[in-house]
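What you see below is based on every heavy atom in this structure, not just the backbone, and it leaves out hydrogens, waters and symmetry mates. Order of the sequence lines fixes the chain letters, A, B, ..., with proteins taken first and strands second; residue numbering starts at 1 for each chain.
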Protein chains: 2
Amino acid sequence: MIFTLRPSAGGAVLALPLVRRTRDPFQGHWALPGGWLDAAEGLDAAASRTLAETTGLTASYLEQLYAFGDVDRSTTRVVSIVYWALLRQDEVDAQRAAHDAAGDAPENVAWSAVEDLPALAFDHNQIITYALWRLRNKVGYSRIAHGLLPDEFTLAELREVNESILGRRLDPANFRRQAEASGTLIPTDRFRTGSHRPARLYRYDVAVELAERGPLSAPPESDHPVPHRIEE
Amino acid sequence: MIFTLRPSAGGAVLALPLVRRTRDPFQGHWALPGGWLDAAEGLDAAASRTLAETTGLTASYLEQLYAFGDVDRSTTRVVSIVYWALLRQDEVDAQRAAHDAAGDAPENVAWSAVEDLPALAFDHNQIITYALWRLRNKVGYSRIAHGLLPDEFTLAELREVNESILGRRLDPANFRRQAEASGTLIPTDRFRTGSHRPARLYRYDVAVELAERGPLSAPPESDHPVPHRIEE
DNA sequence: TCAAAAGTGTTTACCGTACACCCATGC
DNA sequence: GCATGGGTGTACGGTAAACACTTTTGA
């Protein structure tokens, strides 16, 4: 499941690529991009590979979502270990422009806004519903939004990403203070000009981001969990 | 991964069952209980079955944790879709008593406190570390603690469960107010006597619990995600 | 009567929200 | 100048934490 933000009238909207199935079951239907796990690759690697095969891009954020394994979710027995990725809009645009210039735009891939999805193959609509729920939850307590932004961005751009994911407006003044207080933003000396008062550009502190994912992102020093006791 | 609370000097401690491996790789080592996915059962069903085979019990809480699939995590290629379960202490005790009476205590199962784990087979120590991290996170924003308690419990017992998971003392007065304000507790007319002033017994409102798990616990009415737009 | 846990009240600090206001730039 | 978004100040309300205090039982 690959999310990006697509500019649209009245703010950006979340969009994701779908692929048209070329064989049964669900031939001709749209589905989430996916692929088979190779015997010689780990789950993360397989997800990265599938992402690259679909979009030609590398994700700025990639995380395991959930394993779906009901017996009746396909005509054969398939367990899907679903990952979700966030792509920076500028990279998606650049890739699309390159394809357009070369005239080799992928035939069976289409980007769809999440609020305007067709009926998909298998249980893929349900998977998207779950991913959206997780995304909207996570944007509240995590600094996930920068996965959709270029390296340098204004606070207004960051706020608009959050607004697009959450589906509601945020107070610019309060958002600014919370963002600055989070300790994850590094102000630069550069400004975005072009309209009205120039806005300062920020970048993310990547060191902070790693600590949020728990023990999986950075393997613990010891094989043993940290002992913990109640102090009397 | 099966958690329960074991009474101990100075408060309860988290404990989980380990099984001794009877074949290579890691023969003789302790490992997390597990089993193979049957072609005719879903992931949740397989987790329930494995739990029952290990403990003879049904979980009061069962949730998918994570899928582990690095190529080098076993000598053969194995993808483990790990679930975690919470067991009520009274049921574990009853089951153990039944086994002791019948003289058929399971030979290769041992309960170990999480703060005193041996070196386990495969990447199982890492898996436990991750599960503990998730458990401690989740106890903060979810009412997960009641999975470790009998149907009726005092607020002090509920607080002690939270203290055991978090590894620190909580203020009884503040904990009481937060628990009562959560809207998930139903006071009963019964009291726990035996020492000092009797404490009122509470039970959980099960209806509330279901809403916390997101779209997976209760499938959405429609196959399509709820559209959302920013109001201008 | 005393110890100890159950349960209540109060004070403080902090944080999210709302909103008034000033600042700097393009037009 | 003036419209507009960038950026600051401030007041209010809710909630978590700290802790003093009362209540009720067993011993």
Within the distance-only criterion (no hydrogens, no angle test), does the side chain of A:Asp44 pair as donor or acceptor with the backbone N or O of B:Gly69 below 3.5 angstrom? no

Could you list, one pair per line, each protein nitrogen or oxygen that sits under 3.5 Å from a nitrogen or oxygen of nucleotides 14-16 of chain D, together with the distance?
none

Whole angstrom value for the distance that separates P of D:dA17 from CG of B:Asn162: 12 Å

Heavy-atom contacts, protein to nucleotides 20-27 of chain C, under 4.0 Å, summarised as B (base), S (sugar-phosphate only) or - (none) per nt, yield ---BBBS-

Charged N-O contact under 4.0 Å between A:Glu63 and A:Arg134: yes

Take the protein atom CZ of B:Phe191 and the nucleotide atom C1' of D:dT24, then report the distance between them rounded to whole Å. 11 Å

Aromatic contact, B:Phe153 with B:Tyr202 (centres under 6.0 Å): no

Would you mind reading off the distance between A:Leu166 atom CG and C:dT17 atom P, rounded to a whole angstrom? 11 Å

Taking CZ from A:Arg159 and P from D:dG7, how many angstroms apart are they, rounded to a whole number? 11 Å

Contacts of A:Phe122 that satisfy ring pair (Phe, Tyr, Trp, His ring centres under 6.0 Å) - sequence neighbours left out: A:Phe26, A:His124

Considering residues at least two apart in sequence or located in another chain, which fulfil the side chain to side chain contact (heavy atoms under 4.5 Å, CB included) criterion with A:His99? A:Gln95, A:Asp104, A:Pro106

Starting at atom CG of A:Asp171, determine the distance to atom P of C:dG16, rounded to an integer number of angstrom. 13 Å

For B:Thr188, what residues pass the side chain to side chain contact (heavy atoms under 4.5 Å, CB included) criterion, not counting sequence neighbours? B:Glu152, B:Arg190, B:Leu201, B:Arg203

Distance, rounded to the nearest Å, where A:Arg200 contributes CZ and D:dT8 contributes C1': 14 Å

Main chain of B:Val82, side chain of B:Ser80: is a donor-acceptor contact present, judged purely on distance under 3.5 Å? no

Side chain to side chain contact (heavy atoms under 4.5 Å, CB included) against B:Asp93, all qualifying residues, sequence neighbours excluded: B:Gln89

Over how many whole Å does the gap from A:Glu180 atom CD to C:dC15 atom P extend? 15 Å

Between A:Trp84 and A:Tyr61, how do the two ring planes meet: parallel, tilted or perpendicular, split at 30° and 60°? perpendicular

Mind checking B:Arg177 for me? I need base, sugar-phosphate or nothing, with any heavy atom below 4.0 Å counting as a touch. base

